[in-house]
There are 2 protein chains.
Amino acid sequence: MEKITATTIFESLSSGVRLDVYRLLVKKGAEGMVAGEIGSSLDVPPANLSFHLKTLTHAGLITVCQEGRFQRYRANLPLMMELIGYLTEACCNGNPAQCGDFSSQTLCPQSIDTQSVMNSKPTA
Amino acid sequence: MEKITATTIFESLSSGVRLDVYRLLVKKGAEGMVAGEIGSSLDVPPANLSFHLKTLTHAGLITVCQEGRFQRYRANLPLMMELIGYLTEACCNGNPAQCGDFSSQTLCPQSIDTQSVMNSKPTA
DNA sequence: AGGTCGTTTCAATAGTTCAATAAATATTGT
DNA sequence: ACAATATTTATTGAACTATTGAAACGACCT
């Protein structure tokens with residue numbers, strides 16, 4: 001996956017409206033929803049919804065099919081899977097065993113050598 | 001997970017610089033990197049890097065520990081796992097069997113037969 | 001053809017973000 | 001305390017994003 005693809009996806013989901021739309025479509029699965037349904041479900045005015053649907057579509061996160069005068073939208077789950085793979089690529093330098101330790105280390109309380117800390121001056 | 005948390009995370013990763021930083025830290029795993037290392041690895045000026053590190057930290061995607069005059073940053077992988085769970089929550093209305101069909105349906109080229117379209121109502 | 005419905009585009013406004021500079025802060029070693 | 005290094009903060013202006021109503025477009029039905 002190219003970087004520009006990933007950032008475009010993240011940018012798409014950085015809006016509350018678009019996040020709601022995407023999650024709603026994920027929930028609906030292969031059935032998808034037409035624009036009007038989405039709009040009434042989430043209470044978003046047509047023009048605004050259209051704007052956000054266009055953004056999501058452009059990012060590839062959702063797809064659209066014309067059904068007569070309706071536009072049916074569906075979530076593109078494979079792209080999300082690809083994105084996750086991109087993010088966790090070469091995770092922990094290829095030592096997945098380390099990954100399990102993350103939860104205890106992200107707060108980084110004791111990860112610093114005790115002696116070094118002890119010898120350092122306190123915040124005067 | 002709250003919506004605002006998710007959108008903040010996505011917004012954080014919508015910048016190419018921040019995406020690079022995050023992926024670099026994911027690669028480094030529990031070891032992490034100090035700000036200077038990150039900056040020289042990615043060739044980002046200090047002030048700009050600091051701005052992006054702050055954004056990522058605020059979103060909770062990375063954590064920071066002080067080590068003397070160095071700031072060591074680490075990726076917060078558990079949060080990413082939580083985010084993925086939030087996105088795929090109630091996927092396909094709880095029918096995971098449908099999820100496998102996504103790849104063939106997202107492109108929706110012939111998935112909708114012309115005749116069906118002609119006769120079908122939107123909400124099925 | 002004419003009327004209606006679903007959806008998108010347009011234009012204007014308001015608010016927000018980004019990167020670069022320069023200055024400030026915090027920590028270390030002398 | 002002083003100088004040097006590492007990092008953060010503040011400021012600036014240009015560029016971008018979100019929202020809305022009105023208008024336009026395309027597809028359906030009679």
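Below, chain A is the first sequence line, B the second, and so on; all start at residue 1. From a predicted model like this one, the values you see are computed outputs, not experimental measurements.
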**Report entry** Pairwise side chain to side chain donor-acceptor pair (under 3.5 Å) hits with a residue in residues 1-17 of chain A, at least two apart
**Finding:**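 Pairs touching residues 1-17 of chain A that pass the test: K3(A)-D20(B).
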
Query raised in the report: In residues 36-46 of chain B, which residues come under 4.0 Å of DNA chain D by heavy atom?
Result: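 The answer is G36(B), P46(B).
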
Could you give the side-chain donor-acceptor pairs of residues 42-50 of chain B under 3.5 Å, partners two or more places apart or in another chain?
{"unit_1": "N48(B)", "atom_1": "OD1", "unit_2": "H52(B)", "atom_2": "NE2", "d": "3.0"}

Report yes if the side chains of [X] and [Y] come closer than 4.5 Å at any heavy-atom pair, otherwise no.
{"X": "T57(B)", "Y": "T63(B)", "value": "no"}
{"X": "M80(A)", "Y": "L87(B)", "value": "yes"}
{"X": "R74(A)", "Y": "V64(A)", "value": "no"}
{"X": "L13(A)", "Y": "L13(B)", "value": "no"}
{"X": "L61(B)", "Y": "N76(B)", "value": "no"}

Query raised in the report: Looking at residues at least two apart in the chain, or sitting in another chain, which of them share a side chain to side chain contact (heavy atoms under 4.5 Å, CB included) with A35(B)?
Result: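 Counting only residues at least two positions away or on another chain, A35(B) forms a side chain to side chain contact (heavy atoms under 4.5 Å, CB included) with L53(B), Y73(B).
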
Query raised in the report: What pairs with S41(A) under side chain to side chain contact (heavy atoms under 4.5 Å, CB included), at least two apart in sequence or on another chain?
Result: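 Testing S41(A) for side chain to side chain contact (heavy atoms under 4.5 Å, CB included), a comparison that skips the adjacent residues, returns L24(A), M33(A).
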
Query raised in the report: For residues 8-16 of chain B, which residues have at least one heavy atom under 4.0 Å from DNA chain C?
Result: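 The stretch gives E11(B) as the residues lying under 4.0 Å from the strand, ordered by number.
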
Report task. Go through residues 49-57 of chain A and report each residue with a non-hydrogen atom lying under 4.0 Å from DNA chain C, sorted by number. Result ->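 Close to the strand are S50(A), K54(A).
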
Requested in this report: Please check the phosphate of dA6(D) (OP1 and OP2 only) for any side-chain N or O of Y73(B) closer than 4.0 Å.
Outcome: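 No, no such contact exists.
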
Could you go over nucleotides 2-5 of chain C and give all protein N or O partners under 3.5 Å, atom names and distances?
{"unit_1": "dC5(C)", "atom_1": "O4'", "unit_2": "R69(A)", "atom_2": "NH1", "d": "3.4"}
{"unit_1": "dC5(C)", "atom_1": "O2", "unit_2": "R69(A)", "atom_2": "NH1", "d": "3.0"}

Please report the distance, rounded to the nearest Å, between [atom1] in [X] and [atom2] in [N].
{"X": "Q71(B)", "N": "dT9(D)", "atom1": "CD", "atom2": "P", "result": "10 Å"}
{"X": "N48(B)", "N": "dA22(C)", "atom1": "CG", "atom2": "C1'", "result": "14 Å"}
{"X": "Q66(B)", "N": "dT5(D)", "atom1": "CD", "atom2": "C1'", "result": "14 Å"}

Query raised in the report: For the residue pair R18(A) and F51(A), what are the closest heavy atoms and their distance?
Result: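 R18(A) and F51(A) have their closest heavy atoms at NH1-CE2, 4.1 Å.
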
Query raised in the report: Base, sugar-phosphate, or nothing for A35(B), non-hydrogen atoms under 4.0 angstrom?
Result: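 The answer is sugar-phosphate, as A35(B) gets under 4.0 Å only of primed atoms, P, OP1 or OP2.
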
Query raised in the report: What's the verdict on side-chain contact (heavy atoms from CB on, under 4.5 Å) for K27(B) and Y22(B), showing C-alpha distance, side-chain angles and the deciding distance?
Result: CA-CA 9 Å; K27(B) 216 175 272 181; Y22(B) 181 73; over 6 Å; no

Report task. Quick one: which residue pairs count as a salt bridge (charged side-chain N to carboxylate O under 4.0 Å, His left out) with a foot in residues 81-90 of chain B, not counting sequence neighbours? Result ->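 Those involving residues 81-90 of chain B are R23(A)-E89(B).
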
Requested in this report: Give the C-alpha distance, both sets of side-chain angles, the deciding distance and a yes or no for side-chain contact (heavy atoms from CB on, under 4.5 Å) between L25(B) and L56(B).
Outcome: CA-CA 11 Å; L25(B) 289 177; L56(B) 284 167; 5.9 Å; no

Which nucleotide in the set [options] lies at the smallest distance from any side-chain heavy atom of [X]?
{"X": "F70(A)", "options": "dT8(C), dG6(C), dA6(D)", "result": "dG6(C)"}
{"X": "R18(A)", "options": "dA27(D), dA18(D), dT20(D)", "result": "dA18(D)"}
{"X": "A47(A)", "options": "dG21(D), dA20(C), dT8(C)", "result": "dG21(D)"}

**Report entry** I9(B) side, atom CD1; F10(A) side, atom CZ - distance, nearest 0.5 Å
**Finding:**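 Answer rounded to 0.5 Å: 10.0 Å.
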
Query raised in the report: Linking Ile, Leu, Val, Met, Phe, Trp and Tyr by side-chain heavy atoms under 4.5 Å, what else ends up with F70(B)?
Result: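 Answer for F70(B): V34(B).
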
Query raised in the report: Under 3.5 Å, side chain of R72(B) to main-chain N/O of E31(B), donor-acceptor pair present?
Result: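 Yes; judged by distance alone, with no hydrogens or angles, the pair exists.
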
Query - Terminal helix-axis angle for the helix from dA1(C)-dT30(D) to dT30(C)-dA1(D), with five pairs defining each axis and rounding to 10 degrees - result: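 The angle separating the two end axes equals 30°.
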
